[in-house]
Amino acid sequence: MGLFGFGKKRAKKQAEEAVEESKELDESKDAEESAEKSDQTSQADRDEAEQSGQGPWDSLDSDAPDTDEYLDIGALMLPFLKGSELRLKANSQTGDVLGATITYGSSSLELEPFAAPKSLGLWDEVRADLLKANPSCKEVDGVFGKELTLPVKVKGKNLLTRVVGVDGPRWMLRGIFSGPAAKGGKEKDVLDGYLADLVVVRGDEPLAPRDLVPMHAPITPNQRRGEAEDSESKDDESAQIPGRPEGPFDSDQQTEVKTTLSRGPMFSEVR
């Protein structure tokens, strides 16, 4: 009996040790899975951080580019792009600027800045509306997050466009790419970089969501510098600034603008 009882105790102890070992293996497996998920989450967070580290930028962002050499059209500060052309779309009756289009090569990028709610982004909502209204519209992952490919008819021909939306503090910027920039290649890379360098100036004006943030006719860097210098010299009307023109433009300034940003007709009417 004594030997039999000892054998039972030993078998019971071995069984308990096996159960404990199994628990340890399960815990180790769970820990590995948890670590793997953590690594995946960390990578996703890093990817999101990298995505959020690019523009378009808000004018109050401490990391925003220096806009001293940017073209000022109100809601948008536009970087100069050699070989490009700028057109502003305006209401023929009120003169209000409704959008800006940058043309580069055979591609174009139409820009529209909208007011957005303080707490929620607007692009998800606008994207859902476009998908619902256009059966041929498709959602894809792009440089700026979720974007859309949308075929449109122009003069009887189907033209593929790429619609991008970027949410910022109290604003949403929509960019519509057409031509080769809607598909890929050098022109896409150039205009993607252009959009990433933009700076949005939301301002303090109260606006309803989806209202356009006000824009105006372009003000060049030289014009801004001239205005600043005029302001500084108000106390001394006789002060002369060598090499600086008295008016907003002269031939040298126009040449400078054209070599950095070739400009076509300033406004196109919307009837």
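Please read all numbers here as calculations on a predicted model, not as lab measurements. Values below: all heavy atoms of this structure, side chains included; hydrogens, waters and symmetry mates excluded.
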Salt bridge (charged side-chain N to carboxylate O under 4.0 Å, His left out) contacts in which one or both residues fall within residues 193-210, not counting sequence neighbours: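 Applying salt bridge (charged side-chain N to carboxylate O under 4.0 Å, His left out) to every pair that reaches into residues 193-210, excluding sequence neighbours, yields E125-R210, D129-R210.
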I'd like to check [X] versus [Y] (side-chain heavy atoms, cut-off strictly below 4.5 Å). Are they in contact?
{"X": "P79", "Y": "Y194", "value": "yes"}
{"X": "K186", "Y": "Y104", "value": "yes"}
{"X": "V154", "Y": "K157", "value": "no"}
{"X": "V190", "Y": "L81", "value": "yes"}

Return the set of residues passing salt bridge (charged side-chain N to carboxylate O under 4.0 Å, His left out) with [X] (not counting sequence neighbours), or none when no residue passes.
{"X": "D167", "answer": "none"}
{"X": "D68", "answer": "none"}
{"X": "D63", "answer": "none"}

Does [Y] offer a backbone N or O that forms a donor-acceptor pair with the side chain of [X] under 3.5 Å?
{"X": "W123", "Y": "K146", "answer": "yes"}
{"X": "T67", "Y": "Y70", "answer": "no"}
{"X": "D72", "Y": "G74", "answer": "yes"}

Among V164, V213, L195, side-chain contact (heavy atoms from CB on, under 4.5 Å) partner for L173: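 Testing each of V164, V213, L195 against L173, the sole residue satisfying side-chain contact (heavy atoms from CB on, under 4.5 Å) is L195.
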Verdict with reasoning, V163 to L130, per side chain to side chain contact (heavy atoms under 4.5 Å, CB included): CA-CA 10 Å; V163 186; L130 289 171; 4.3 Å; yes
Side-chain donor-acceptor pairs of residues 107-118 under 3.5 Å, sequence neighbours excluded:
{"unit_1": "S107", "atom_1": "OG", "unit_2": "A181", "atom_2": "N", "d": "2.9"}
{"unit_1": "S107", "atom_1": "OG", "unit_2": "E187", "atom_2": "OE1", "d": "2.5"}
{"unit_1": "S108", "atom_1": "OG", "unit_2": "S178", "atom_2": "OG", "d": "2.6"}
{"unit_1": "E110", "atom_1": "OE2", "unit_2": "K89", "atom_2": "NZ", "d": "3.2"}
{"unit_1": "E112", "atom_1": "OE1", "unit_2": "R174", "atom_2": "NE", "d": "3.1"}
{"unit_1": "E112", "atom_1": "OE1", "unit_2": "R174", "atom_2": "NH2", "d": "2.6"}

Worked verdict on V199 versus L76 for side chain to side chain contact (heavy atoms under 4.5 Å, CB included): CA-CA 6 Å; V199 176; L76 301 175; over 6 Å; no
Step-by-step side chain to side chain contact (heavy atoms under 4.5 Å, CB included) determination, V140 to L148: CA-CA 6 Å; V140 297; L148 303 174; over 6 Å; no
Heavy-atom pair with the smallest gap, counting every atom of [X] and [Y]:
{"X": "G179", "Y": "L159", "result": "N-CD1, 4.3 Å"}
{"X": "P65", "Y": "W57", "result": "CD-CD1, 3.3 Å"}
{"X": "D192", "Y": "R162", "result": "OD1-NH2, 2.8 Å"}
{"X": "G184", "Y": "K188", "result": "CA-CD, 3.4 Å"}

Using the rule that two of Ile, Leu, Val, Met, Phe, Trp, Tyr join whenever any of their side-chain heavy atoms come within less than 4.5 Å, decide whether [X] and [Y] are in one cluster.
{"X": "L131", "Y": "M172", "value": "yes"}
{"X": "L191", "Y": "V143", "value": "yes"}
{"X": "I219", "Y": "L198", "value": "no"}

Counterpart residues, side chain to side chain contact (heavy atoms under 4.5 Å, CB included), relative to K183 (two or more places apart):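 For K183 the side chain to side chain contact (heavy atoms under 4.5 Å, CB included) partners, ignoring immediate neighbours, are L160.
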Electrostatic pair E147-K138, nearest N-O below 4.0 angstrom: no
Rounded distance (nearest 0.5 Å) linking atom CD1 of I102 with atom CG of L78: 5.5 Å
Check: D96/T94 side-chain N/O donor and acceptor closer than 3.5 Å: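 Distance-only check passes for D96 and T94.
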